[in-house]
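To start, the structure itself, in structure tokens.
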Amino acid sequence: MRQSKFFTKAVKELPKDETSFNAKELIRAGFVDKVAAGIYSFLPLGLKVHEKICQIVREEMDAIGGQEISMPTLIPKESWETTGRWKSFDVLFRLAGADKKEYGLGATHEEVITPLMKKFISSYKDLPAAPYQIKTKFRNELRAKAGLIRGREFSMKDMYSFHKDQKDLDDFYEVAIEAYFKIYKRLGLEKITYLTYASGGSFSKYSHEFQTLTEAGEDIIYICEKCRVAINKEIISEQKSCPKCGNKNLIEKKAVEVGNIFKLGNRFSKPFGLVYMDEKGEKQDVVMGCYGIGPSRLMGTIVEMNHDERGIVWPEEIAPFKVHFIEMKSKEAKVRQEAEKLYNDLTKKGVEVLYDDRENVSAGEKFAEADLIGCPYRLVISEKTLAENCVELKKRSDKELKMVKISEIKF
RNA sequence: CGGGGUGUGGCCUAGUUGGCUUAGGGCGUCUGGUUUGGGACCAGAAGAUCCUGGGUUCGAAUCCCAGCACCCCGACCA
């Protein structure tokens, strides 16, 4: 991608009013634009990062048997009334359509997935199943805050699993936990992310959250360092020790919830009449679980964890581009020629390169913007480097510069 | 939803004991020129419902009332 073709531009000044790092940095570097509190446009750079996060989530869900689908955002009132949530779900956006129809905007999709699966599940042979989607969700929060961390419109992957009995759900639930940790590992968050016991769904004693330690978080958790699990403050009065080892020396930390999974049991299969015939020919309730993770919130969290005074430092796997290639202006046509050649070569090899080919932009400005955008590698070509048939390589995360022969560049 | 803060060209802001403001500066933008290894410089130009509505006054960005928006704390977060 040529930077001269970008319609977005990084700005020098930080947005006033914003205090959270993710909002400040993402807006300043041109990843997102704020439309209203908790409502953002994703610009080319931001969309790329978001897509990469989605792709990681997608791969890990597919790996445990998930199948991607897409459900609607407009969900009829009648569906919500079946489970009683039209009245009780306080963050549901309710809106009126023409002809007296009413709708809730999708905040979560049990009310759609359950009747959907009813059309396909009739026998124990149809189980288990684990459809999921990655979709924009809407929640009418009283207070949006902290940039992408808590929005009124945000992206969420929601998977729903369907089982013949509790044991099958329990087994899959453990597999899902592992898959989640694989996601956090790929995002560079696994060392500071804890499986956290939180208040239960409607069926089980606890639900499980995945909490990433950060000052930008809004939850308080108590961690057991030995077992690498935690307890959410909301249940600390009933559970004062580590649920795994009984350790009472728990450490209080601030964290952001980056995932939440529930054992739903028959909370939703019951009202929708989702049943199957077992081996004996008897009708049984389908046992359900659900598994949420928010790519947009993850994106905000990752910025909170990965920035310095100059800007964002993206982990390699989700950086908008792997390499930020800066061409220094020169009177010699050779610099431009060699730069174009290298850009084309790298691109052909499949390396994602952001090529700063802008003219009349000072060197300082190019460097400052590269630091702001935060690609993992910075490559500079100039008269100086070409004199040695080299380019200069620098990692965003450290200070050392390295001269590398053009013929030996590898990513 | 309770409390606090903020609101001035696209962005950051000065001005806020009413008059010296035909609202000043910086960034960005446009034109011309000089520059090019850390947000470089010179000259010129365009660009403003001073959040909105009402009020007080000879006169309001500035005072009063009402509302809106954003940020923060808290509450809330199947």
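Quick note on labels: first sequence line is chain A, next is B, and so on, each numbered from 1.
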If pairing requires Watson-Crick or G-U wobble contacts with both distances under 3.5 Å, which nucleotide is the partner of [N]?
N: A75(B); value: none
N: U62(B); value: none
N: G38(B); value: none
N: A43(B); value: U31(B)
N: C70(B); value: G5(B)

Span that lies between the [atom1] atom of [M] and that of [N], in whole angstrom:
N: U56(B); M: C64(B); atom1: P; value: 15 Å
N: G55(B); M: A61(B); atom1: P; value: 15 Å
N: G15(B); M: G3(B); atom1: C1'; value: 30 Å
N: C30(B); M: G10(B); atom1: C1'; value: 14 Å
N: G47(B); M: G28(B); atom1: C1'; value: 11 Å
N: U6(B); M: U22(B); atom1: C1'; value: 29 Å
N: G25(B); M: C65(B); atom1: C1'; value: 33 Å
N: C50(B); M: U8(B); atom1: C1'; value: 4 Å

Touch class at under 4.0 angstrom, heavy-atom based, for [X] against every strand present:
X: Ala370(A); answer: nothing
X: Leu14(A); answer: sugar-phosphate
X: Ala107(A); answer: nothing

Rounded to whole angstrom units, what separation is found between the [atom1] atom of [X] and the [atom2] atom of [N]?
X: Glu215(A); N: C72(B); atom1: CD; atom2: C1'; result: 15 Å
X: Lys16(A); N: C71(B); atom1: NZ; atom2: C1'; result: 11 Å
X: Phe7(A); N: G10(B); atom1: CZ; atom2: P; result: 19 Å
X: Asn140(A); N: A78(B); atom1: CG; atom2: C1'; result: 15 Å
X: Asp33(A); N: G10(B); atom1: CG; atom2: C1'; result: 11 Å
X: Glu18(A); N: U6(B); atom1: CD; atom2: C1'; result: 12 Å
X: Asp17(A); N: C12(B); atom1: CG; atom2: P; result: 8 Å
X: Phe21(A); N: C72(B); atom1: CZ; atom2: P; result: 13 Å

Practice task
With RNA chain B as reference, determine whether Arg152(A) or Cys290(A) sits nearer its 5' end, using the nearest nucleotide of each.
Solution key: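 Closer to the 5' end of RNA chain B: Arg152(A).
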
Exercise for the section: Kindly point out which of A78(B), C71(B), U8(B) is positioned nearest to the side chain of Glu110(A)? Expected result: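 When the side chain of Glu110(A) is considered, A78(B) is the closest of A78(B), C71(B), U8(B).
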
Handout entry: Non-neighbouring partners of Gln284(A) that pass side-chain hydrogen bond (donor to acceptor under 3.5 Å, both in side chains), sequence neighbours left out
Key =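 Asp278(A).
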
Problem - Asn389(A): partners by side-chain hydrogen bond (donor to acceptor under 3.5 Å, both in side chains), with sequence neighbours left out - result: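 side-chain hydrogen bond (donor to acceptor under 3.5 Å, both in side chains) list for Asn389(A), sorted by chain: empty.
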
For nucleotides 74-77 of chain B, tabulate all protein N/O to nucleotide N/O atom pairs closer than 3.5 Å, reporting atom names and distance.
from   : atom 1 : to        : atom 2 : distance (Å)
G74(B) : N7     : Arg143(A) : NH1    : 3.4
C77(B) : O2     : Arg150(A) : NH1    : 2.9
C77(B) : O2     : Arg150(A) : NH2    : 2.1
C77(B) : N3     : Arg150(A) : NH2    : 3.4

Over 12 foreign heavy atoms within 6.0 Å of [atom1], [X]:
X: Lys395(A); atom1: NZ; answer: no
X: Lys394(A); atom1: NZ; answer: yes
X: Lys5(A); atom1: NZ; answer: no

Problem - Cation-aromatic face contact Lys263(A)/Tyr173(A), 6.0 Å, 45 degrees - result: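 Judged by the rule, Lys263(A) and Tyr173(A) form a cation-pi pair.
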
Please confirm whether the ring centroid of [X] lies under 6.0 Å from the ring centroid of [Y].
X: Phe172(A); Y: His163(A); result: yes
X: Phe210(A); Y: Phe181(A); result: yes
X: Phe42(A); Y: Phe31(A); result: no

Exercise for the section: Write out all pairs satisfying salt bridge (Lys or Arg N to Asp or Glu O under 4.0 Å) with one or both partners inside residues 372-386 of chain A, taking only residues at least two apart or from two chains. Expected result: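 Sorted pair list: Arg378(A)-Glu392(A).
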
Practice task
Please check the phosphate of C72(B) (OP1 and OP2 only) for any side-chain N or O of Thr19(A) closer than 4.0 Å.
Solution key: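 The answer is yes; a side-chain N or O of Thr19(A) sits under 4.0 Å from OP1 or OP2.
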
Problem - Presence of Lys9(A) side-chain N/O under 4.0 Å of C11(B) phosphate oxygens OP1/OP2 - result: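 Indeed not, no polar side-chain atom of Lys9(A) lies that close.
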
Problem - With sequence neighbours excluded, residues passing side-chain contact (heavy atoms from CB on, under 4.5 Å) with Thr214(A) - result: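 For Thr214(A), the residues satisfying side-chain contact (heavy atoms from CB on, under 4.5 Å) (neighbours in sequence not counted) are Ala216(A), Val256(A), Glu304(A), Met305(A).
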
Practice task
Show your working on salt bridge (Lys or Arg N to Asp or Glu O under 4.0 Å) between Lys77(A) and Glu102(A) and close with a plain yes or no.
Solution key: CA-CA 5 Å; Lys77(A) 178 185 182 181; Glu102(A) 288 184 273; 3.0 Å; yes

Practice task
Heavy atoms under 4.0 Å is the rule here; annotate nucleotides 31-43 of chain B 5' to 3' with B where the base is hit, S where only the sugar-phosphate is, and - elsewhere.
Solution key: ----BBBBB----

